[in-house]
Amino acid sequence: MTTALTLSGISHDFNGEVSLSDINLSMESGECLALIGPSGAGKSTLLTLLDGRLKGWSGTASVLKKTLDANKPPQRNTRADTGFIFQDFALVDRLTTYQNVMNGRLGRTKNWASVFGHFSTQDHMIVGSILRDTNLAELADRRVDQLSGGQRQRVAIARCLAQEPKLILADEPVSNLDPALAEKVLQLLTGEARKRGIGVVFTSHQPELSQRFADRIVGLRDGRIQFDQPTHEVSEGTIEKLYFGSSTEPGLRVVK
Amino acid sequence: MHRTVTWLVVVGAIAWAALTADVEMAKFAKAGPRLWDFLSRMVPPDFTIWQDMLRGLAETLQIAILGTLFAVILSVFFGVLASETLMQPYIWRSTRALLAAIRAIPLILVAMLMVGAVGLGPLPGILAITFHATGMLSKFYAEAIDNVAAGPITALQSAGASRQQQLRYGIWPQMAPVILRDTVFRFELNLRESLVLGVVGAGGIGLYIQTYVRSFQYEKAATATLTVIILVLLSELANGYLKKRVT
Ligand SMILES: Nc1ncnc2c1ncn2[C@@H]1O[C@H](COP(=O)(O)OP(=O)(O)OP(=O)(O)O)[C@@H](O)[C@H]1O
Ligand SMILES: [Mg+2]
């Protein structure tokens with residue numbers, strides 16, 4: 001196994017308001033990691049950083065063997081290497097399922113040819129096979145604003161897979177879905193990632209989903225890592241303390 | 001308190017208009033029969049002038065089409081300048097103020113000024129429509145730009161899309177239907193408004209109406225009026241059809 005990401009001494013603030021504080025974290029490729037913690041803990045901020053979209057942080061970060069620059073967004077190919085799944089799906093409403101999934105190919109295909117509407121046979125083949133994997137083939141020509149929430153998130157997952165990422169970052173991918181659907185969609189996401197040997201970092205407000213699908217859970221609070229343990233070692237008490245304990249309590253930190 | 005003032009102003013305005021306008025009540029009484037006389041002289045309409053009507057219509061259409069085309073070109077430019085998301089506040093604010101000022105000038109006034117500047121014919125009509133429509137269309141285009149959702153664009157950027165690809169596959173699909181709808185809407189307005197431009201000498205079918213009325217050829221004026229009505233109804237039908245297609 002190779003290292004998917006290494007963060008050391010990462011700190012960040014929004015105009016003085018601390019969002020990340022001395023984060024040290026590493027992850028093997030192929031691992032599935034859940035990032036949990038109360039609202040405002042810094043989960044989204046950390047994922048945005050890993051996606052190369054956060055500016056002005058300090059520390060050193062390397063994702064998929066490439067060092068991130070806190071002041072410069074990464075190149076096209078590097079951006080395509082990390083796939084991102086958004087809570088609100090972030091699809092282009094007026095385009096069809098097929099077109100939205102094809103949008104995932106943009107970072108991998110020829111720039112100007114694609115601007116003029118041309119995608120390679122390989123692009124079409126990849127999109128076709130992913131649509132089958134995600135059970136979306138019958139919905140290929142439907143506009144995505146005519147799909148249900150669960151279907152839309154499946155399209156977003158398909159778009160992410162189409163970009164052939166080496167790491168998937170998912171920010172509350174299922175919190176807009178009902179519980180049964182949430183489980184199915186998370187199953188699809190982690191299952192497809194495992195099949196391809198891709199690592200996943202996802203955030204969630206449902207600890208039981210994290211425990212079901214992640215190999216490892218990282219607890220974040222006030223921008224600090226409170227614990228970082230294999231899922232089977234994480235106790236109910238640890239999770240409860242993360243959400244309900246007083247924030248000044250230092251005894252909570254169990255860093256592996 | 002506020003309401004009392006409002007009512008006083010309304011009543012005062014009506015009283016002022018009724019009492020001081022140079023309209024004798026006796027004339028009101030006579031207006032009925034005279035209108036009737038006028039209308040009865042319009043029947044039967046004289047359809048022998050259909051070739052003139054076609055020529056007038058063609059010119060009106062030309063004015064509307066070219067006026068819309070030039071307004072679209074200018075509005076792309078001013079629309080970008082008036083966009084809150086693309087421009088610094090001082091730029092979009094001053095552009096929007098300018099556009100509001102343009103919209104505040106009635107078209108017929110612009111047309112008169114243009115006739116004064118470049119002479120009679122369709123050219124002043126085209127210029128007037130261009131000027132007037134740019135005021136509205138630029139604002140619509142700016143709003144179309146500002147209403148583009150940022151989330152999907154961020155998603156494409158994250159997927160590795162270049163600026164051009166983001167424009168083509170994220171921004172354009174969101175904007176195009178809105179822009180198309182606004183442009184068609186403005187074209188219909190341009191068509192309606194250019195019908196009367198002839199009255200001030202700026203070309204089109206309005207010129208014929210004015211000539212016929214001035215020379216007391218009411219049967220011909222009636223034909224021209226019918227032509228205008230039919231054209232407006234047709235454009236309304238076409239617009240309704242397009243609106244259903246574009247969502
Ligand atoms: N764009 C922003 N501008 C200013 N402050 C921000 C911004 N985004 C986040 N913050 C702040 O940074 C901190 C971390 O926010 P972040 O969104 O990462 O939390 P989160 O763990 O994802 O929370 P949630 O579970 O509610 O999504 C919070 O204090 C938040 O107020
Ligand atoms: Mg968040």
Side-chain angles (χ1 to χ4, degrees), chain A residues 47-48 50-54 73-96 99-119 143-146 152 155-156 159-165 168-171, chain B residues 72 75-77 79-80 83-89 137 140-186 239-247:
Chain A
L47 284 188
T48 328
L50 293 174
D51 201 33
R53 285 185 283 120
L54 191 69
Q75 298 291 313
R76 274 179 76 201
N77 248 312
T78 311
R79 279 186 272 140
D81 283 343
T82 52
F84 205 97
I85 291 169
F86 299 79
Q87 179 180 1
D88 60 358
F89 323 133
L91 301 172
V92 182
D93 276 348
R94 285 194 176 90
L95 298 184
T96 64
Q99 290 168 319
N100 267 286
V101 177
M102 187 57 95
N103 276 351
R105 296 297 304 157
L106 291 176
R108 301 291 188 199
T109 197
K110 288 207 182 90
N111 182 29
W112 285 107
S114 71
V115 167
F116 289 105
H118 179 79
F119 291 91
R143 258 169 65 155
V144 294
D145 55 3
Q146 290 161 6
R152 285 160 75 80
V155 176
R159 174 176 66 183
C160 174
L161 294 173
Q163 79 187 60
E164 298 181 300
I168 294 178
L169 310 165
D171 195 5
Chain B
V72 164
S75 297
V76 169
F77 178 72
V80 168
S83 149
E84 291 181 38
T85 36
L86 297 181
M87 291 293 144
Q88 299 287 324
L137 219 45
F140 284 176
Y141 286 6
E143 280 164 5
I145 295 173
D146 291 342
N147 283 336
V148 167
I153 315 297
T154 308
L156 294 198
Q157 181 204 342
S158 161
S162 66
R163 300 275 298 194
Q164 302 88 325
Q165 289 173 324
Q166 291 168 42
L167 193 70
R168 170 68 181 78
Y169 290 105
I171 297 174
W172 182 243
Q174 295 190 53
M175 267 176 57
V178 182
I179 293 230
L180 185 63
R181 193 190 58 211
D182 290 346
T183 307
V184 169
F185 170 69
R186 187 60 241 187
N239 203 13
Y241 173 76
L242 273 173
K243 247 183 214 154
K244 254 185 242 150
R245 299 284 313 262
V246 181
T247 44

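On a predicted model such as this, the values are computed, not experimentally measured, just so you know. Order of the sequence lines fixes the chain letters, A, B, ..., with proteins taken first and strands second; residue numbering starts at 1 for each chain.
Of all non-hydrogen atoms in B/Gln165 and A/Ser114, the two that sit nearest each other are NE2-OG, 2.8 Å. The minimum heavy-atom distance linking B/Tyr169 with A/Asn103 is given by the pair CB-OD1, 3.4 Å. B/Pro152 and A/Val92 make their closest contact through CB-CG2, 3.9 Å (heavy atoms, listed as atom of the first residue, atom of the second, distance). Across all their heavy atoms, B/Ser158 and A/Arg53 have their closest contact at CB-NE, 4.0 Å. Minimum heavy-atom separation, B/Gln166 to A/Arg79: NE2-NH1, 4.3 Å.
Annotation: the span from A/Arg94 atom CZ to B/Met175 atom CE amounts to 11.0 Å, rounded to 0.5 Å. Here the straight-line distance linking atom CD of B/Gln157 with atom CZ of A/Phe84 works out to 11.5 Å at 0.5 Å rounding. Rounding to the nearest 0.5 Å places CG of A/Asp93 at 7.0 Å from CD of B/Gln174. Summarising the geometry, atom CZ belonging to A/Arg159 is positioned 6.0 Å from atom CG belonging to B/Leu156; distances are rounded to the nearest 0.5 Å.
The contact between A/Leu95 and chain B is made entirely by side chain atoms (from C-beta outward), counting heavy-atom distances below 4.5 Å.
Comparing A/Gly117, A/Gly52, A/Pro73, A/Ala80 by heavy-atom pairs within less than 4.5 Å of chain B, the highest count is held by A/Ala80.
Other residues, nucleotides and ligands place no more than 12 heavy atoms under 6.0 Å from the CD atom of A/Gln75.
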